[in-house]
Structures are given as structure tokens and as C-alpha cells.
Amino acid sequence: MMEWTEAVQKLWNKLSEHRTSLYPAEEWDELLDIRIAKLSPEGLASGQAPYASAVKAGLHLLNDSLDKSHELSQSIHNATGSYWHGIMHRMEGDYSNSKYWFRQVGSHPVFASLLLEAKDVYRSHDTGSIRSAALKSQLEKLMSGSVWDPYGFIDAVQQQVQVAQEQESEALLSAVQRIEMKLLLQYSLEQSGGKRIEF
């Protein structure tokens, strides 16, 4: 499984040059989509194949390639597949459908780490400069919780994309989304038999 981990690491290294959008218009790099599609881990144990597909779904999302990610995530019948599916619908602006998929997720193992890291990012941003009172309130509620609230995050992203459209909140929400995707990618990789990669 070392080759699998190394292949994912190489793709992550390339994708780390790109800041994934909250609402992408098109994929970032067409050639990366081809490289991701060709990923093929060998020697998977029983139950690992859906997580290998989840890794690929996540890499496609990191490349802002919603359709290719969707093709994979909709055929992964576990909480992690539903999580990637929910992120994809959030990124395409179908917020109610995103919430549906997060209801299928329930409580995911990455939520605890996500909340801690999101709070660190929140504290490092100048949230006082956010003019939208509604968005500021949503962010304060989200970051003061004791558990991660994926629905609150969806609402904040929707408020930013459709109403506020502010630079500081865009940077903050994009950074939190990046953390979310990084943690979920690592979890997917480990569940597929891969090793921890360098972020």
C-alpha cells in the first residue's frame, strides 16, 4: 500500500498549490482529473475499496471537479461517502441537498479535530471586519459550539456565497473547508489501507 500512499501524496502536493473554492465554476486542472481517475490501489482488504473511492472523490473535489467527485461519492454507501457527497453539493450551491447528505453522515470521526482546527483558524482571522451581521452571528454560533455543526457551516457558506460576498469571510470559510477536506482525505486514505501523508 506504500505506492498508493505515495501516489496520493504526489497529488496532494500538486493540489496544495490551489485554494479550493466555496463555489467553483470549473475544475482547476484537467490533467489532474485524469491522474486522479487513473489511481488504482492494489491488494485492498475487504471493506477498503469504498474508502479508496472516497480518496479519489476527495481529490477531485480538491481540484474543484464536482461532477467527477459526484460520480464516485454517490456510489459509496457509508458515512464517509455521504460526507464527500454533502461537501460536493455544498460546493455546487445545492445547500438543502447538502444537508440531506450530512443527515446520512450522522456524527463523523473527523468532526472533533475539525472543530478544534476551525476554532484556531477563526481566532486567527479578523472577523471584526466582517460587515454582514447575519454571517458574523452564524460564525460566532458555529465556533462557540462544543461539537462540529455541519448544518451551521452550510448556512454560513450559503450566506457568504449568496449574500455577504466579503473577502475576509471568504478567506475564513475557505480555510475551514480546506481543513475539513484535508482531515476527511486523511481519514479516507487510512481506512483504505494507506498511511498518513504530509500536509
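Just so you know, residue 1 is the first one in the sequence shown, and it goes up from there. The analysis underlying the following values was restricted to heavy atoms, covering all of them including side chains, and did not include hydrogens, waters or symmetry mates.
Residues D64 and S21 bring no donor and acceptor atom of their side chains to less than 3.5 Å of each other. Using modelled atom types, one finds a donor on one side chain and an acceptor on the other under 3.5 Å when comparing E170 with Q160. N97 and H85 share no donor-acceptor pair across their side chains, judged by distance under 3.5 Å alone. Side-chain contact annotation: S73 with W101, donor-acceptor N/O pair under 3.5 Å absent. With no hydrogens or angles considered, a side-chain donor-acceptor pair links H60 and D33 at under 3.5 Å.
Between W12 and F199, the angle of the ring planes goes over 60°, which puts this pair in the perpendicular group of the 30/60° scheme.
Under 4.0 Å is where a charged nitrogen must lie from a carboxylate oxygen, and between E180 and R90 at least one such pair does. A salt bridge between D155 and K99 is present, with a side-chain N of the basic residue lying under 4.0 Å from a carboxylate O of the acidic one. Here E117 pairs with K182 in a salt bridge; the nearest charged N to carboxylate O distance falls below 4.0 Å. Ion pair E190/R196 flagged as a salt bridge, since at least one NZ, NE, NH1 or NH2 atom sits closer than 4.0 Å to an Asp/Glu carboxylate oxygen.
Between W148 and F153, the ring center distance clears the sub-6.0 Å criterion. Residues Y187 and Y83 keep their aromatic ring centres 6.0 Å or farther apart.
Atom CH2 of W4 sits about 7.0 Å away from atom CG of L189, to the nearest 0.5 Å. Rounding to the nearest 0.5 Å gives a distance of 7.5 Å between OG of S129 and NZ of K136.
Although no hydrogens or angles enter the test, the distance criterion places no donor-acceptor pair under 3.5 Å between the side chain of E92 and the main chain of Y23. Side-chain N or O atoms of Q159 include none that pairs as donor or acceptor with a backbone N or O of Q138 at under 3.5 Å.
Contact detail for E198 and N13: the closest heavy-atom pair is O-OD1, 4.4 Å.
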